[in-house]
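Written out below as structure tokens is the structure these notes cover.
Computed over heavy atoms, backbone and side chain alike; hydrogens, waters and symmetry mates excluded. Note that the structure is a prediction, hence the values are computed from the model and not measured.
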Amino acid sequence: MERISGHTFYIAKYFHHKLAHLRHSNGVNVAEIYTNGNFKDPETQGGVVNFNLFRANGDYIGFAEVDRLAQLYNIHLRTGCFCNIGACQMFLKISSEDIKSNLQAGHVCGDDRDLINGRPTGSIRISFGYMSTLQDAQHCLKFIVENFLETANPKPVFTEKWDEVQFEDEFENSYEVKLEMKSNELKDNVNMDTDHRGSECTNIGLYSMSQMTQAVSPCLDNVIILTNICLYPVKSCAAFKVSEWEIGPRGLLFDRNWMIVSENGVAISQKREPNLCLIKPSLDLLQQTLTLSYKDMKPVTIPLYREEKDSHSSAAMSCTSKICGDRVLGTDCGDHVSDWISEALGRPGCRLIQQNNNHIRTSKLKDKENDITKEENLSLSNESQYLLISRPSVQELLSKIKERQSNENEAGEQIDLENLVHRFRANLIVDGGIGYEEDSWEKIQIGRHRFMGQGGCTRCQMICLDQETGQRSKEPLRTLAVSRGRKIPFGIHVRNDAHAEGARLRVGDILQLV
């Protein structure tokens, strides 16, 4: 145990010391490190480094943003307060009034409210174990340098071997707590090791490339046009692209009406199973069927509306699963389609579940116009009825990706505009106007139908999946995090305004601000 303790201590010490020396080109520290002792003694310091990161202007970078990017590098971080509110108060200088204020602002244990009024609500913790190596620490440092160090100078590299490592012991940006405390208050040896878990005819709906080409043609600056309508009948599977579609009570009719769960009943997403994007659903409203296709396999077809019994299932079984913490009720679609999905994904025990029509699940998002939650009905989508993105915003992001690759002499993955557009898995895609103007939209009208804006969509590593191949890359999340900053927003959530159900949206409809 002594040798393991020494091993983890010196790897953590290496990471700590290198991180403490990192500076932006203007001299601002990259990190604020929280420690007692500056890694001087393995008897009092374990293989854990706790810190937050700064931008060059001195603003904190939220731990949720750092964690999302770290996942692209296969780095598992722990974030938050680690069930140690006393340490958070002490190191982050959070008063008891701040804690009450944060709670009133909606911050709870385990959420991603990492910054409130520019101040961190928690920190980032990296832990090294007996299987960790010096190269692991160097990999983590490279991740920080590549994504957060702002400098015009050559960026540092970390390639030392153990016999080349030298340590220094004094660092201005290691925040060592030196507080005078009464005997009944918190002690200096703060424990930071507690874990944190903290229609009528099918032909109307089919997507026409000629219609898309016409709609995507250059728009006048003052005209914004709906160029694409996409629904995702099976959550996390491929898009079904249409030229017009009916609005339902939960968004686009049949959007995210089904989901695939594991043998344990847990919803499977592209984060865990990238090949889901290769399962292509199609809807036939005339025949009332859903058909799934996958590579060279024979397609499988099921009815849109489940009966108590059908030819492939002895009974329609009720199932319970969770979406973003919400309990959802659904009906198992039978063994035939479930066996087909299991074979396609190479995952035994998969089941296809359809959301029950009478199950009520509501959104927690607030309208941007008045900051009020309307609790509209949701399908199996994560947060909202619709996700809307703008082509000018995508084009601006694509330009930044290419600029970054050029500046850093990276070969990088070549992403074209259409590929990038569909990585964001939006329902409504518009063209015209200027990049990111959608961020401010409070109420919009598309065609004859009104929608309420609900703010930006926070992005995660799913946008790094090529929706045509299932291959994962670091872009566009890496560049998006740098250009958009905290929460990594892209696109906006919108919901139906009153009396939209039964109406239809069409490619070519004009979008207007209301």
Q. Hey, mind stepping through K18 and F158 against side chain to side chain contact (heavy atoms under 4.5 Å, CB included) and telling me if it holds?
A. CA-CA 9 Å; K18 292 296 183 181; F158 306 96; 4.1 Å; yes

Q.
Under the criterion salt bridge (Lys or Arg N to Asp or Glu O under 4.0 Å), I'd like the reasoning laid out for R495 against D367: C-alpha separation, chi angles, the key distance, then a yes or no.
A. CA-CA 9 Å; R495 67 168 179 85; D367 289 350; 2.7 Å; yes

Heavy-atom pair with the smallest gap, counting every atom of [X] and [Y]:
X    : Y    : result
R423 : D466 : NH2-CB, 3.6 Å
G470 : L465 : O-CD2, 3.4 Å
I353 : D332 : CD1-CA, 3.7 Å
G129 : H7   : O-CD2, 3.9 Å
P281 : C237 : CG-CB, 4.1 Å
S236 : M462 : OG-CE, 4.1 Å

For [X] and [Y], test the side chains for any donor-to-acceptor distance below 3.5 angstrom and give the result as yes or no.
X    : Y    : result
Q454 : Q385 : no
Q355 : R256 : no
E32  : Y60  : yes

Using atom types as modelled and distance alone, determine if a side-chain donor or acceptor of [X] lies under 3.5 Å from a backbone N or O of [Y].
X    : Y    : value
N264 : V266 : no
Q45  : V48  : yes
D136 : T133 : yes
H139 : Y73  : yes
R125 : R78  : no
S406 : K402 : no
T458 : P489 : no

If you count heavy atoms of other groups shown closer than 6.0 angstrom to [atom1] of [X], is the number above 12?
X    : atom1 : result
N57  : CG    : yes
K142 : NZ    : yes
E343 : CD    : no

If I take atom [atom1] from residue [X] and atom [atom2] from residue [Y], how far apart are they, to the nearest 0.5 angstrom?
X    : Y    : atom1 : atom2 : value
H493 : S381 : NE2   : OG    : 9.0 Å
L388 : I429 : CG    : CD1   : 9.0 Å
L420 : I415 : CG    : CD1   : 6.0 Å
I488 : E65  : CD1   : CD    : 5.0 Å
L378 : E376 : CG    : CD    : 5.5 Å
L345 : C350 : CG    : SG    : 5.5 Å

Any salt bridge linking [X] with [Y]? Criterion: basic side-chain nitrogen under 4.0 Å from a carboxylate oxygen.
X    : Y    : result
K100 : E97  : yes
R347 : E273 : yes
K93  : D98  : no
R391 : E418 : yes
D114 : K487 : yes
D439 : K368 : no

With heavy-atom distances below 4.5 Å as the criterion, would you say the side chains of [X] and [Y] are in contact?
X    : Y    : value
L22  : N29  : no
T79  : S123 : no
F15  : I144 : yes
K271 : C460 : yes
M452 : E369 : yes
T479 : V482 : no
I61  : F54  : no
P392 : Y436 : no

(Q) Testing L252, D255, N257 one by one against Y232 for a side-chain contact (heavy atoms from CB on, under 4.5 Å), which residue passes? (A)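 By the side-chain contact (heavy atoms from CB on, under 4.5 Å) criterion, Y232 pairs with just one of L252, D255, N257: D255.
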
Q.
Tell me if the centroids of the rings in F143 and F148 come within less than 6.0 Å of each other.
A. yes

(Q) Tell me if the aromatic rings of Y34 and F51 count as close, with their centers under 6.0 Å from one another. (A) no

Q) F39 vs H17 aromatic rings, parallel, tilted or perpendicular, using cut-offs 30° and 60°? A)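 Ring orientation, 0 to 90° scale: perpendicular.
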
Q: Check the pair N50, I33 against side chain to side chain contact (heavy atoms under 4.5 Å, CB included), reporting the backbone distance first and the verdict last.
A: CA-CA 6 Å; N50 213 290; I33 307 175; over 6 Å; no

**Q.** Listed partners of S25 passing side-chain contact (heavy atoms from CB on, under 4.5 Å), at least two apart
**A.**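 T151.
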
Q: Check the pair L417, Q395 against side chain to side chain contact (heavy atoms under 4.5 Å, CB included), reporting the backbone distance first and the verdict last.
A: CA-CA 7 Å; L417 181 63; Q395 182 62 66; 3.8 Å; yes

Q: Could you go through the side chain to side chain contact (heavy atoms under 4.5 Å, CB included) check for H16 and T35 one step at a time?
A: CA-CA 10 Å; H16 168 275; T35 180; 4.1 Å; yes

Q: Go through the steps to decide whether Q461 and R472 satisfy the test side chain to side chain donor-acceptor pair (under 3.5 Å), and finish with yes or no.
A: CA-CA 9 Å; Q461 70 269 26; R472 193 186 302 274; over 6 Å; no

Q: Compute both the distance and the angle, then confirm whether R68 meets the cation-pi test with F63: under 6.0 Å from the six-membered ring centre, within 45 degrees of the axis.
A: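 No - R68 does not lie over the ring of F63 by the 6.0 Å and 45° rule.
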
